[in-house]
Amino acid sequence: MCGRYTLTSPDELVQEFGLGELPFDLAPRYNIAPTQEAPVVVGGQVRELRLFHWGLVPQWAKDTRGGARLINARSETVHDKPSFREAFARRRCLICADGFYEWKRGGKRPVPHYMRRVGGGVIAFAGVWERYQLPDGRPYFSYAAMTTGANGLMAPIHDRMPVIIDRADYDRWLDPSIRERAPLDDLLRPPAEAGFEMRQVSERVNSVANDSPACLLAGPDQQSLF
DNA sequence: CCAGACGTTGTT
DNA sequence: GTCTGG
DNA sequence: CCAGACGTTGTT
DNA sequence: GTCTGG
């Protein structure tokens with residue numbers, strides 16, 4: 001689950017996360033895919049926007065590709081999986097998004113759907129990140145998106161969805177002094193469906209080469225945007 | 001002790 | 001690196 | 001997540 | 001079928 005998402009209005013990140021200004025240019029994105037770079041918010045003294053690669057590479061991995069590249073982390077088990085345990089305890093982040101895709105399977109081909117806040121708006125996924133050392137000594141930063149069970153809106157499409165952190169909980173999720181699972185448990189439940197909307201979208205999104213507003217055209221007739 | 005896995009998803 | 005399996 | 005490749009040899 | 005790339 002959660003293998004593609006959007007960040008169509010990056011300018012909203014400044015206000016949403018209380019950043020001074022964007023530290024780099026961000027183009028609107030309609031089809032963010034694993035291995036690509038995308039912005040996340042990390043905590044510490046102050047919140048900071050960073051560009052990390054989607055697909056967590058553990059420090060022990062032989063390289064940054066292949067099987068040791070983890071795009072999702074199950075919230076139910078993240079705290080004791082060797083690949084995620086330390087990242088969950090010490091390196092949590094907020095993944096900057098404003099919608100995400102899920103494919104409904106069972107027919108002859110998977111049908112893409114898109115969930116967003118009603119009318120749009122920033123969505124922060126719960127993430128964990130890692131710093132990997134490349135052979136030449138440079139760091140490679142990466143992240144994984146936490147998943148949880150589907151809420152009522154998602155259930156007809158798929159049984160998993162990303163963990164979504166409410167604005168009021170940003171500080172707690174990012175707080176590096178919290179290293180246990182228990183004080184974060186209530187943040188890892190399926191999001192309330194109120195305030196979200198979902199609908200079928202264009203199969204254009206299937207190909208990562210397509211990163212344009214056309215990905216969001218309503219399916220199957222693809223005649224209109226939201 | 002060393003060797004080998006370490007993850008999620010969906011599908012069967 | 002750390003845990004599990006043999 | 002889906003799309004697309006998946007191989008070697010010898011010859012140019 | 002399975003792996004890699006984006």
Side-chain angles (χ1 to χ4, degrees), chain A residues 1-7 27 29-39 51-92 95 97-116 123 125-135 139-150 154-164 179 188 190 198 200-212 214-217 219-220:
Chain A
M1 106 77 251
C2 200
R4 304 288 177 86
Y5 64 94
T6 65
L7 181 58
R29 294 295 310 275
Y30 299 87
N31 197 359
I32 297 171
T35 72
Q36 297 177 346
E37 281 191 320
L51 275 182
F52 288 174
H53 294 266
W54 187 11
L56 185 143
V57 179
Q59 291 174 348
W60 43 261
K62 294 184 183 68
D63 55 56
T64 61
R65 307 177 304 202
R69 197 169 48 181
L70 310 165
I71 69 172
N72 293 140
R74 293 180 66 89
S75 58
E76 298 91 335
T77 54
V78 65
H79 56 281
D80 61 15
K81 295 289 186 184
S83 294
F84 297 126
R85 198 167 58 93
E86 201 64 14
F88 177 74
R90 298 170 178 275
R91 289 183 296 278
R92 295 184 299 273
I95 300 165
D98 49 22
F100 59 97
Y101 302 97
E102 298 284 359
W103 281 258
K104 183 176 177 63
R105 294 172 195 80
K108 55 180 181 177
R109 36 204 274 167
V111 179
H113 291 68
Y114 181 70
M115 183 180 284
R116 67 170 193 174
I123 297 173
F125 301 144
V128 295
W129 62 276
E130 189 59 90
R131 177 186 171 129
Y132 176 82
Q133 184 101 3
L134 294 167
Y140 178 98
F141 293 95
S142 60
Y143 65 93
M146 310 262 307
T147 65
T148 187
M154 178 58 65
I157 305 304
H158 193 55
D159 62 350
R160 304 288 295 173
M161 66 184 297
V163 172
I164 294 173
R179 294 181 183 158
L188 302 178
M198 185 172 60
Q200 187 175 337
V201 290
S202 168
E203 290 186 12
R204 275 173 238 256
V205 73
N206 290 7
S207 172
V208 299
N210 299 324
D211 185 9
S212 79
C215 290
L216 296 177
L217 288 169

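Computed from a predicted model, the values in this text were never measured in an experiment. Chain identifiers are assigned alphabetically (A, B, ...) following the order of the sequence lines, protein sequences preceding nucleic acid strands; residue numbering begins at 1 within each chain.
Between A:Tyr143 and A:Trp54, the ring planes are parallel. Angles under 30° get that label, and only those over 60° would be called perpendicular.
The distance from the CG atom of A:Leu188 to the OG1 atom of A:Thr147 is 10.0 Å, given to the nearest 0.5 Å. In this structure, A:Arg179 CZ and A:Arg85 CZ are separated by 13.0 Å, a value rounded to the nearest 0.5 Å.
When the P atom is used for both E:dC3 and B:dA5, the distance is 13 Å, rounded to whole Å. For B:dC6 and E:dG6, the P atoms lie 26 Å apart once the distance is rounded to whole Å. For the C1' atoms, the distance linking B:dT8 with D:dC2 amounts to 15 Å, nearest Å. The separation of E:dG5 from D:dG7, taken at their P atoms, amounts to 11 Å, rounded to a whole angstrom. Between the C1' atoms of B:dT9 and D:dC1, the separation comes to 9 Å (whole Å).
When distances run from any side-chain atom of A:Ile71 to the nucleotides C:dC3, C:dG1, D:dC1, the shortest one goes to D:dC1. Of the candidates D:dC1, B:dT8, B:dC6, the closest approach to any side-chain atom of A:Arg105 belongs to D:dC1. Counting only heavy atoms from C-beta on, A:Trp103 has its side chain closest to D:dC1 among D:dC1, B:dC6, B:dT9. Nearest to the side-chain atoms of A:Asn72 among the listed nucleotides C:dG1, B:dT8, D:dC1 stands B:dT8. Checking D:dC2, C:dT2, E:dG6 against the side-chain heavy atoms of A:Gln36 singles out E:dG6 as nearest. Of the candidate nucleotides B:dG7, C:dT2, D:dA3, D:dA3 has the atom lying nearest to any side-chain atom of A:Ser207. Considering only side-chain atoms of A:Thr35, the nucleotide from B:dC6, D:dA3, E:dG6 that sits closest is E:dG6. Comparing B:dT9, D:dA3, D:dC1 by their closest approach to the side chain of A:Asn206 singles out D:dA3. For A:Val208, the side-chain atoms get nearest to E:dG6 when compared with the rest of B:dG7, C:dG1, E:dG6.
For the pair A:Glu130 and A:Arg91, the salt-bridge criterion is met [side-chain N within less than 4.0 Å of a carboxylate O].
Within the 4.0 angstrom heavy-atom criterion, only backbone atoms of the sugar-phosphate kind lie near A:Phe84; the bases stay farther away. Among the atoms of the strands shown, none is found under 4.0 Å from any heavy atom of A:Pro112. Among the atoms of the strands shown, only primed sugar atoms or phosphate atoms (P, OP1, OP2) are found under 4.0 Å from some heavy atom of A:Asp159. A:Arg4 comes within 4.0 angstrom of a nucleotide base, judged by non-hydrogen atoms across all strands. At a threshold of 4.0 angstrom between heavy atoms, the contacts of A:Pro58 with the nucleic acid are absent.
Among A:Tyr132, A:Tyr140, A:Phe141, the single residue meeting the ring pair (Phe, Tyr, Trp, His ring centres under 6.0 Å) criterion with A:Phe52 is A:Phe141. Test A:Ile32, A:Asn31, A:Asp98 against A:Tyr5 for side-chain contact (heavy atoms from CB on, under 4.5 Å) and you get one pass: A:Ile32.
Remark: ring of A:Tyr101 does not overlap the six-membered base ring of D:dC1 in a stacked fashion, as centroids less than 5.5 Å apart with planes less than 30° apart are not both met.
A:Tyr143 has its OH atom 17 Å from the C1' atom of B:dG7, to the nearest Å. Rounded to whole Å, atom P of C:dG1 lies 13 Å from atom CD of A:Glu130. The distance between atom CG of A:Asp63 and atom P of E:dC3, rounded to the nearest whole Å, is 15 Å. Nucleotide B:dA3 holds its P atom 13 Å from the NZ atom of A:Lys62, rounded to whole Å. Atom CZ of A:Arg204 and atom C1' of D:dC2 are 16 Å apart (whole Å). Rounding to whole angstrom units, CH2 of residue A:Trp54 and P of B:dT9 are separated by 12 Å. Distance A:Tyr114 OH to D:dC2 C1': 18 Å, rounded to the nearest Å. The NE2 atom of A:His79 sits 15 Å away from the C1' atom of C:dC3 (whole-angstrom rounding).
Applying the 4.0 Å criterion to OP1 and OP2 of B:dT8, one finds that A:Thr77 has a side-chain N or O inside that range. Residue A:Arg69 places no side-chain N or O under 4.0 Å from the OP1 or OP2 atom of B:dG7. Contact annotation: A:Arg65 does not reach the phosphate of E:dC3 (side-chain N/O to OP1 or OP2, under 4.0 Å). For C:dC3, the OP1/OP2 oxygens have a side-chain nitrogen or oxygen of A:Arg85 closer than 4.0 Å.
For A:Arg4 against A:Trp103, the heavy-atom pair with the smallest separation is CG-CH2, 3.3 Å. Of all heavy-atom pairs between A:Pro162 and A:Cys2, the closest is CG-SG, 3.7 Å.
With a cut-off of 3.5 Å on both Watson-Crick or G-U wobble distances, the partner of D:dT8 is given as none. Of all nucleotides present, only E:dG6 satisfies the Watson-Crick or G-U wobble test against D:dC1, with each distance under 3.5 Å.
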